[in-house]
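As the structure is a computational prediction, the values presented were derived from the model and not from experiment. The first residue in the sequence is number 1, and the count goes up from there.
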Amino acid sequence: MTTSPYTSQSAFDGSRMRVLLLVDLHEGAQQQFLDAYEQMRDRVASVPGHLGDQLCQSVENPSQWVITSEWATAPPYLAWVNSDEHLETVRPLQNCVRELRSMRYGIVRETGGDRPRAGTLQSAPREGDGVIRHALTFTVKPGSESKVAEILAGYAPPEARVDATTRLRRTTLFMHGNRVVRTVEVEGDLTAALRHVSRQPEVRAVEEAINPYLEQDRDLSDPESARTFFIRAAMPPVHHLARGGAEPGELRRKALYYPAKQGCGMALARLLARQDETAAADPASPVHRSTVFQREDIVVRLIDVQGDPETDPVMALGIHGPRKAAVLARLLDGEALGVTGPLTGGRDANRLLAHADMALITDRRAAQS
């Protein structure tokens, strides 16, 4: 059997997906929860790609419930779960739920395979690197960018060790105009890590300091306000790829911002994912790792690259190959990025790289233990 030269985790593999929503209810809230579920189920059933769901109650603990749903592929689920429609759909749950946790799985094997089903099974188990990646994005008031960058650059990193099985590995913050993107890398439980970070005094101080500059108001002392803000800020990874073998030295971390035309965010993310898959087998590619994050029409590609990306802007941007630059130009909101017209050569690629490049604010790695 041939060993792949890279590892890849992708929402674009075409396989069906199972989502588990773990619910812990407040005492006496069962009927309120059931009423909320009845309101939700019809709205969710009408979402493209949704195949069905089940509501299950724990045999041992009546306050614990599980909602399972099945989706034809991951992209329609991600498009829905990151929308304001989803936020409004689940809002009735907030008052009756003590804790809510979502878990997502690709379906690898199943019984009863004689029934016709939409989608396919995941072709092979994914090979990961033990690291979970996540990103948050939000905007600040125009004119406050330099002050926000100063605040974000000055915070003390939180304690890396969360518990016996979870630790923070790396936190990197970037800005592009008035947009902030924070990426985190975690070993273990992402939810536990994010909860741990939110409770750290140094992190709370920074979050409170930037509150006056946010375009979307939030009150961190109000659980619903904080929850709504972070749900809207979440930007999940839709594709991650890393080359195998020893990590080369002197890797530089870059983030590239690709605002998509309305309704084209998923297609643009898919294009970049496919381009990274193709480039991974090319020894000449300077990109060692790439993660594509996408929320609606916001796409960010985080790359760890050898050398200066400007020496090979086509590879760095993920637009190598015939007609790929033209496809990107059709999907990209060039006006929002400040780059209009076709992408036809090296000069255009250099110009796009300069406009897509996000300013690095801070990059904190946890000490190896």
Side-chain angles (χ1 to χ4, degrees), residues 4-13 74-75 78 126-137 169-174 176 181-186 190 235-260 265-295 298-321 324-325 327-328 331-332 337 343 349 352-360 363 365:
S4 173
Y6 58 89
T7 60
S8 173
Q9 299 161 262
S10 182
F12 303 119
D13 63 2
L78 293 173
R126 295 183 175 97
E127 296 291 339
D129 56 6
V131 178
I132 303 170
R133 294 163 178 86
H134 188 65
L136 296 170
T137 186
R169 289 229 331 188
R170 192 170 184 176
T171 302
T172 317
L173 284 102
F174 300 91
H176 189 284
V181 172
R182 174 190 291 139
T183 69
V184 295
E185 296 179 1
V186 173
L190 176 63
M235 190 163 53
V238 293
H239 188 269
H240 173 74
L241 183 145
R243 287 186 171 183
E247 179 173 314
E250 302 297 326
L251 283 178
R252 298 176 60 183
R253 173 152 288 194
K254 302 284 285 184
L256 301 173
Y257 175 52
Y258 304 79
M266 189 67 75
L268 197 158
R270 190 193 307 268
L271 170 68
L272 295 173
R274 288 175 175 171
Q275 287 293 92
D276 282 338
E277 292 278 349
T278 301
D282 183 354
S285 174
V287 179
H288 183 74
R289 273 187 300 267
S290 171
T291 307
V292 179
F293 299 94
Q294 183 252 333
R295 180 186 181 87
I298 302 166
V299 180
V300 170
R301 183 163 157 266
L302 184 69
I303 58 175
D304 292 326
V305 59
Q306 287 181 278
D308 187 348
E310 292 184 5
T311 61
D312 195 345
V314 170
M315 279 287 195
L317 286 165
I319 53 174
H320 46 281
K324 295 302 188 295
V327 176
L328 178 62
L331 299 172
L332 192 69
L337 200 55
L343 303 172
L352 177 57
L353 182 62
H355 283 258
D357 190 25
M358 302 192 76
L360 176 64
D363 186 16
R365 295 174 185 254

Test item: [X] and [Y] side chains (from C-beta on) under 4.5 Å apart, heavy atoms:
| X | Y | result |
| --- | --- | --- |
| Y258 | L331 | no |
| L353 | L256 | yes |
| H239 | S8 | yes |

Evaluate side chain to side chain contact (heavy atoms under 4.5 Å, CB included) for L352 paired with L332, printing each intermediate quantity in order. CA-CA 11 Å; L352 177 57; L332 192 69; 3.8 Å; yes

Taking side-chain hydrogen bond (donor to acceptor under 3.5 Å, both in side chains) as the definition, give me every residue that meets it alongside [X], ordered by chain and number, with sequence neighbours left out.
| X | result |
| --- | --- |
| E185 | R253 |
| T137 | R179 |
| R170 | D363 |
| T183 | none |

[X]: which residues meet the side-chain contact (heavy atoms from CB on, under 4.5 Å) condition with it, sequence neighbours left out?
| X | value |
| --- | --- |
| P75 | F12, T73, M266, R270 |
| I132 | L190 |
| A255 | F174, V300, L302, M358 |

Under the rule for salt bridge (Lys or Arg N to Asp or Glu O under 4.0 Å), what residues qualify as partners of K254, not counting sequence neighbours? D357

Show, in sequence, the C-alpha distance, side-chain angles and deciding distance for L136 and M235, and conclude whether the side chain to side chain contact (heavy atoms under 4.5 Å, CB included) test is met. CA-CA 5 Å; L136 296 170; M235 190 163 53; over 6 Å; no

Ignoring hydrogens and angles, write down the donor-acceptor pairs under 3.5 Å from the side chains of residues 311-321, residues two or more places apart or on other chains.
from, atom 1, to, atom 2, distance (Å)
T311, OG1, D308, O, 2.7
D312, OD1, M315, N, 3.3
H320, NE2, Q275, O, 3.2

Nearest atoms (heavy-atom pairs only) where [X] meets [Y]:
| X | Y | value |
| --- | --- | --- |
| L78 | A11 | CD1-CB, 3.8 Å |
| T291 | P237 | CG2-CB, 3.9 Å |
| A135 | F293 | CB-CD2, 3.5 Å |
| L268 | P259 | CD1-O, 4.4 Å |
| G307 | R252 | O-CD, 3.3 Å |

For a side chain to side chain contact (heavy atoms under 4.5 Å, CB included) check, start with the C-alpha distance between V186 and H134, then their side-chain angles and the critical distance, and finish with the verdict. CA-CA 8 Å; V186 173; H134 188 65; over 6 Å; no

Residues in ring-ring contact (aromatic ring centres under 6.0 Å, His included) with H176, at least two apart? Y257

Using the salt bridge (Lys or Arg N to Asp or Glu O under 4.0 Å) rule, collect all pairs that involve residues 274-292, keeping only residues at least two apart or in two chains. E247-R289, D276-R301, R289-D304

If we ignore hydrogens and angles and just use 3.5 Å, is the side chain of H355 paired with the main-chain N or O of L337 as donor and acceptor? yes

